[in-house]
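Below is one structure, written out as structure tokens, with a few remarks after it.
Numbered from 1 within each chain, the chains take letters A, B, ... in sequence-line order.
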Protein chains: 2
Amino acid sequence: MLEFAILGLLLESPLHGYELRKRLTGVLGPFRAISYGSLYPALRDLQARGLIAETSPKPMPTVTTKRARIVYEVTPAGTERFTSFVANPGPEAWEDERFAAHLAFFASTPTEMRVRILEGRRARLQERMAMLRESFRHTSERLDPYATQLQEHGIDRVESEVRWLEELIAAERSH
Amino acid sequence: MLEFAILGLLLESPLHGYELRKRLTGVLGPFRAISYGSLYPALRDLQARGLIAETSPKPMPTVTTKRARIVYEVTPAGTERFTSFVANPGPEAWEDERFAAHLAFFASTPTEMRVRILEGRRARLQERMAMLRESFRHTSERLDPYATQLQEHGIDRVESEVRWLEELIAAERSH
DNA sequence: TTCGTCATGTAATGGGTTACATGATTAC
DNA sequence: GTAATCATGTAACCCATTACATGACGAA
């Protein structure tokens with residue numbers, strides 16, 4: 001998850017951790033910002049696996065030394081990993097978080113794959129909606145009005161995401 | 001989270017783990033069902049803390065022995081814990097999961113508290129929306145259209161939840 | 001007799017968080 | 001000189017999950 005978001009952002013341009021986190025926050029939405037306690041270990045892990053590397057040569061170690069900031073860039077292996085991520089969405093690609101990660105980097109995803117991901121997500125949601133309605137049928141009679149409201153709202157939310165997906169798919173088809 | 005859901009359901013009637021899980025699924029929505037790997041440890045934990053207890057006397061150990069199922073009921077301490085949960089929503093009550101847990105047991109929550117929780121949630125969402133819009137202003141220019149779509153959809157979702165909350169608050173005020 | 005469901009549980013793992021610790025740089 | 005922000009990192013914990021293991025019961 002985090003792994004792909006990092007690779008995707010570093011492919012646009014090499015960055016150091018602190019800046020990277022700000023970009024991540026921009027992409028993922030500010031309320032679910034990644035903490036440094038996740039980010040830095042993730043960076044070291046990616047480096048250990050050879051998917052990213054430190055851009056070594058500090059251009060000018062003259063006056064402004066600052067705190068040594070470690071700028072990472074994506075290695076060829078990392079690039080390959082990222083493209084394979086966008087190219088074959090695994091079975092988890094329809095889950096909420098994965099899907100968001102895919103969508104965030106749709107710009108670097110081929111068109112047919114975009115459609116496939118969007119439709120996969122839609123299918124998943126419709127499945128989910130069926131389950132929601134089914135469980136709603138079973139429980140609504142004996143549930144208090146608040147629990148009922150909560151369930152109805154859940155259904156509404158899924159429906160509205162399906163409509164949104166349909167717009168995206170239509171837009172994609174019309175190039 | 002799970003803790004309160006368990007207490008809330010057991011207050012309605014004593015249950016064993018397996019059945020409890022089905023009810024939980026009914027309340028929380030079927031797609032985010034609690035796994036046994038979470039439920040059973042949670043039950044033992046609650047028991048260890050004296051908030052629930054096994055309803056000891058098996059009525060008839062005659063023919064139908066079945067697999068020994070362990071039925072739990074809420075102790076007075078557990079009842080107290082639950083009422084204190086519904087009565088003073090902590091600062092986390094406006095978070096997604098907590099809020100859902102509160103709403104699920106609104107029926108056992110006094111009216112003024114209901115309004116307070118709903119309004120707290122609304123305030124939290126409006127804050128969130130301000131952050132989303134703010135971050136959107138900063139990044140939208142240089143973001144690709146897909147990332148933009150994703151962010152706009154995020155804003156839409158929050159807006160629609162605010163409208164929903166407003167309906168609930170209005171309904172609450174008009175008794 | 002085998003399959004589905006009821007029923008309880010453990011161990012390993014996942015994917016993060018919070019709190020803490022450090023220190024350098026910038027702006028007032 | 002002090003506060004805010006930039007910048008990196010560690011350790012402890014949280015709250016769940018998945019995969020596994022066990023076993024009894026009812027129905028086909």
N/O-N/O pairs, protein side and nucleotides 14-17 of chain D side, under 3.5 Å:
residue	atom	partner	partner atom	Å
D:dT17	OP1	B:Ala33	O	3.3
D:dT17	OP2	B:Ser35	N	3.2
D:dT17	OP2	B:Ser35	OG	2.7
D:dT17	OP2	B:Ser38	OG	2.3

How many whole angstroms separate atom [atom1] of [X] from atom [atom2] of [N]?
| X | N | atom1 | atom2 | answer |
| --- | --- | --- | --- | --- |
| A:Tyr40 | D:dA11 | OH | C1' | 17 Å |
| B:Gln47 | C:dT8 | CD | P | 12 Å |
| A:Ile70 | D:dA7 | CD1 | P | 12 Å |
| B:Leu43 | C:dA7 | CG | C1' | 12 Å |
| A:His16 | C:dA24 | NE2 | P | 17 Å |
| A:Leu46 | D:dG9 | CG | P | 13 Å |
| A:Leu24 | C:dG15 | CG | P | 16 Å |
| A:Leu20 | D:dC6 | CG | P | 15 Å |

Review point. From the list C:dG9, D:dT8, C:dA7, which nucleotide is the closest neighbour of the side chain of B:Tyr18?
Key: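 Within the option list, the nearest is C:dA7.
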Review point. Is the number of heavy atoms from other residues, nucleotides or ligands within 6.0 Å of CD (B:Gln126) greater than 12?
Key: yes
Point to revise | Residues which pass side chain to side chain contact (heavy atoms under 4.5 Å, CB included) with B:Ala147, listed by chain and number, not counting sequence neighbours | key: B:Leu143, B:Asp144
Review point. So do B:Glu73 and B:Glu54 actually touch side chain to side chain, heavy atoms under 4.5 Å?
Key: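 Answer no - side chains too far apart.
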Review point. Between C:dT8 and B:Arg21, is there an OP1 or OP2 to side-chain N/O distance shorter than 4.0 Å?
Key: no
Review point. Is any NZ, NE, NH1 or NH2 atom of the basic residue among B:Arg122 and B:Glu161 found under 4.0 Å from an Asp or Glu carboxylate oxygen of the other?
Key: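 No, no charged N to carboxylate O under 4.0 Å.
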Listing, residues 101-117 of chain A side-chain donor-acceptor contacts under 3.5 Å, not counting sequence neighbours, or none:
residue	atom	partner	partner atom	Å
A:Ser108	OG	A:Phe105	O	3.3
A:Thr109	OG1	A:Phe105	O	3.0
A:Arg114	NE	A:Glu172	OE2	2.9
A:Arg114	NE	B:Tyr146	OH	3.1
A:Arg114	NH1	A:Phe106	O	3.1
A:Arg114	NH1	A:Thr109	O	2.9
A:Arg114	NH2	A:Glu172	OE2	3.2
A:Arg114	NH2	B:Tyr146	OH	3.4

Check your understanding: Which value, rounded to the nearest 0.5 Å, describes the distance between A:Thr75 atom OG1 and A:Ile52 atom CD1?
Key -> 8.5 Å
